[in-house]
Amino acid sequence: MPDRRARRDLHPGAWWVWALGLAVAASRTYDVVLLGLVVGVACLVVVARRPVAPWAMSFRLYLWLGALVIVIRVLFGVLLGGSSTGTVILDLPEVPLPSWANGIRILGPVTWESVQRSFAVGLQLAALIVCVGAANSLANPRRLLKSLPPALYEVGAAVVVALTLFPQLAESIGRVRRARRLRGDSGRNLRALRAIVIPVMEDALDRSMQLAASMDARGYGRRGTADQRTRVVTGALLLVGLLGVCVGVYATADLTAPRVLAAPMLVVGFGVAGVGFWLSGRKVGHTRYRPDPWLGWEWFTALCGVVAAVGFFFAYTLDPVTLGALVVAALPALLTPEPVSPYAALRTPATARTGQEVAA
Amino acid sequence: MIAIEGVTFTYDGVAEPVLRDVDLHIEEGELVVVTGPTGAGKSSLLGLVNGLVPHFTGGHLDGTVTVAGLLTQHHPPRELAATVGWVGQDPLAGFVTDTVEEELAYGMEQLGVDPQAMRRRVEETLDLLGIADLRARSLRSLSGGQQQRVAIGSVLTMNPPVLVLDEPTSALDPTSAEDVLATLARLVHDLGTTVVLAEHRLERVVPFADVLVYVGTDGTVTAGAPAPMLATSPVAPPIVDLGRLAGWEPLPLTVREARRSSKPLRKALADAPPPGPGSGTRPGEALLAARGVEVRYGPLHAVRDVDLELPAGTVTALMGRNGSGKSTLLWALQGSGARHGGDVRVGGSDPAGLSRKEARARIGLVPQTASDLLYLETVATECATADAEAEADAGTCAALLARLAGTIDATTNPRDLSEGQKLALVLAVQLTAAPRVVLLDEPTRGLDYTAKAELATMLRDLAHEGGAVLVATHDVEFVAEVADHAVVMAQGEVIASGDVQHVLASSPAFAPQVAKVLGPEWLTVRDVRLALERSDEAPA
């Protein structure tokens, strides 16, 4: 394994595998303590290994979203009632419903057990959200798009452009709103909205045209125009492959389906889609500058996630196996190389500058 | 290298061609400067070279354009990417990726350059442009000059024999602009690159130019060696104006040449009375007084402990490099921007404490992107709304506009106005509320010499009527023309303040060309002309 003191960004795919492993683990259990630990592990790794970058700052949002999910789930648990057995902690009157709504209960006595159950379900959902949030904060979304198979290059380029557009849009809205105040306009009516939307749209359109001109002038879309036949073949292969994967996933989940449709179908589906990707990727004429390497630490991080997931298939309560799996999942926080932070400079002198640009 | 033959180009939906019967031949390794009034088709001429015109813009093109043996009719811009490197007006808007290294590599990725060669060329380009230490930086965190150099680098990595740049220095402070121009001159001299660039402010580029191309408003294009072209050109940098005034032959283009020819003139001026400080108007009471203004962004001081007074009847220039806190200070003074300390008094009260309506009746601000304030379909409705917003008499704004910019067709969409007219409209909108203090943020950006002269007259008139004007700008020659006082900022602090002559003439970066040639007492050609006229009259 390479020297771990050397700073480098791990392959974004490694973080996603790790986070998905943790999410699989979370989806296997309703144990509140374990779920809490999963969230804890995710937070620990994010705090230890996220770079200084705009996308990494979004993790707090995911935590809030998780908390909101728990609250909503518990409120719904109370509203729609639960089982009537158990310790009643709050005796609410039940709303009488007509007989055709049999099986649905609104309000009614709230039991400790039902609240606990809703909380656990909510916490599981929250843990899943936090896992995805962790992957989003740890892995640079642009670099992830760059690691897409060449066949998906065009999609990746579109998403990258969209990613650039959003901060610009926010900036230009801020600028125009400030400018409005110079005209003494503090109204919140329709006209004020128009006064903001029109200059902002004009600005956004202008920028998009400039970006398009710049991309065109720099050779975007120059190669990779496959002929009609290849395009039809690759399209068909991708479609059939995806269908196979869908059927396979369904059969795996539905235990009554014939087994031949499960694992074998999945394998065939992935295989066909893979061939499609490879075929269309072969036609793409561009190359990649310094693609992220997949080295020892990537394997290590991804394996930590897989171990966590596998551990929870052996047990799903508080148990040495699950605890051990979570400890392994937390290892990347301490062992992997620290990230480089291209945006660290934004924290120093240039913060003022970007601030001024917003002002300007 | 580039051959434009018999080209007439018309945009869709426009009756008049923007370029008419253009014949232009550019040899290998030449640095060509394209100039002309705003809206005259400079950008269209540049777009011809890499096929953006007409492939990207649409429109009808007659004639042929050949670049390095390739006809642009048959080759869209993306196929010319390795032949012509094109850098647009706003580098930030043209960036596709988010770090310097990736941006440099983007074009090569599109061309399918082999990864090994790609790595090598990125390193070479980083060194060539002197931006190796910025390689991992995010593009948005760079200063304007650095962004411009990265934009140049991002097309240089494809090794194009031709480089086309649209106003590469218009948004830059004098020092960054010199850096970018020096980089371009190096490319021409060391690599033999053919460089074509459009520029309004000729004073800095003319010394580097081999060919000057003038695009007229009627779409005709004339080209020639800079000196004979400038001798008759309606747009000329101050040094050429000075040369014409003194009748120097051949016309000097650099400060060095001018200084050599200027001995007799300096002798004649030694006896002439030097121009008085400012324009001779006595400064009145301070209309705006600021003490210890502070603005912070997080832990950083964007503006630190700034004291400023704007006396009635004067124009004050605010200068400093990009990001030195000029805009932030203007917004803080107006009261719409954040202010974390200090005190601002305009007519006895703090504009930050007033309602937005009351504040703008005392102090108006024209922001950097002036068009942010315009949102209606015609000039007439825009003016009527401005009257209503300011509770002024109907027609106030229209009258102001007529005075500032002459007659503008009231049914025009504000977006179709030229930069100078747009600025005049926004200024009229802001003046409708009758503020006595007016702040302007970078108004000269994108203005040609004529529009700049008109803006200077507008600002001087405002001052003569007893107002106080503060104008933030990078344009040294404009400051010399218009300002009485100058304030220089660096890192959020005021580092120099006082009479425009003292501040400008004492600084190598900010000294106007005339001062460099004739000495610190002389700032503008107008001063010299007046002094010569007076000394002519005196003995008679």
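Chain letters run A, B, ... following the sequence lines, proteins first and then strands; every chain starts at 1. Both backbone and side-chain heavy atoms feed into the values below; hydrogens, waters and symmetry mates do not.
- With a threshold of 4.5 angstrom between heavy atoms, B:Val366 does not approach chain A through any atom at all.
- At a 4.5 Å heavy-atom cutoff, the contact between A:Arg290 and chain B is made by side-chain atoms alone.
- Heavy atoms closer than 4.5 Å to chain A are found in the side chain of B:Leu52, but not in its backbone.
- A salt bridge is defined here as a Lys NZ or Arg NE, NH1 or NH2 lying under 4.0 Å from an Asp or Glu carboxylate O, and B:Arg362 with B:Glu358 fails to meet this definition.
- Looking at B:Arg296, neither its backbone nor its side chain comes within 4.5 Å of chain A, counting heavy atoms on both sides.
- In this structure, the portions of B:Thr385 lying under 4.5 Å from any heavy atom of chain A include both its backbone and its side chain.
- Judged as a side-chain contact (heavy atoms from CB on, under 4.5 Å), and not counting sequence neighbours, the contacts of A:Asp203 are A:Ser172, A:Arg175, A:Arg207.
- Most heavy-atom pairs under 4.5 Å with chain A, from the set B:Val113, B:Leu104, B:Val100: that is B:Val113.
- Heavy atoms closer than 4.5 Å to chain A are found in both the backbone and the side chain of B:Val96.
- Ranked by heavy-atom pairs under 4.5 Å with chain A, the list B:Met118, B:Met158, B:Arg78 is led by B:Arg78.
- Partners of B:Thr83 according to the side-chain contact (heavy atoms from CB on, under 4.5 Å) rule, which considers only residues two or more places apart in sequence or in another chain, are B:Val67, B:Ala68, B:Leu70, B:Leu80, B:Pro161.
- In this structure, chain A has heavy atoms under 4.5 Å from both the backbone and the side chain of B:Ser154.
- Salt-bridge annotation for A:Glu298 and A:Arg8: present, with a side-chain N of the basic residue lying under 4.0 Å from a carboxylate O of the acidic one.
- Contacts between B:Ala151 and chain A at a heavy-atom distance below 4.5 Å are absent for every atom of the residue.
- The closest side-chain heavy-atom distance from A:Pro332 to A:Trp297 is not below 4.5 Å.
- B:Glu101 touches chain A through backbone and side chain together, each having a heavy atom under 4.5 Å away.
- The aromatic rings of A:Trp294 and A:Trp299 lie perpendicular to each other, with more than 60° between the two planes, well past the 30° mark.
- In the displayed structure, A:Arg60 atom CZ is contacted under 6.0 Å by at most 12 heavy atoms of other residues, nucleotides or ligands.
- Among B:Arg135, B:Gln430, B:Arg415, B:Gln491, the residue making the largest number of heavy-atom pairs under 4.5 Å with chain A is B:Arg415.
- Between B:Arg356 and B:Glu389 there is no salt bridge, since no side-chain N of the basic residue sits under 4.0 Å from a carboxylate O of the acidic one.
- Contact count versus chain A (heavy atoms, under 4.5 Å) is highest, among B:Phe56, B:Trp86, B:Phe95, for B:Phe56.
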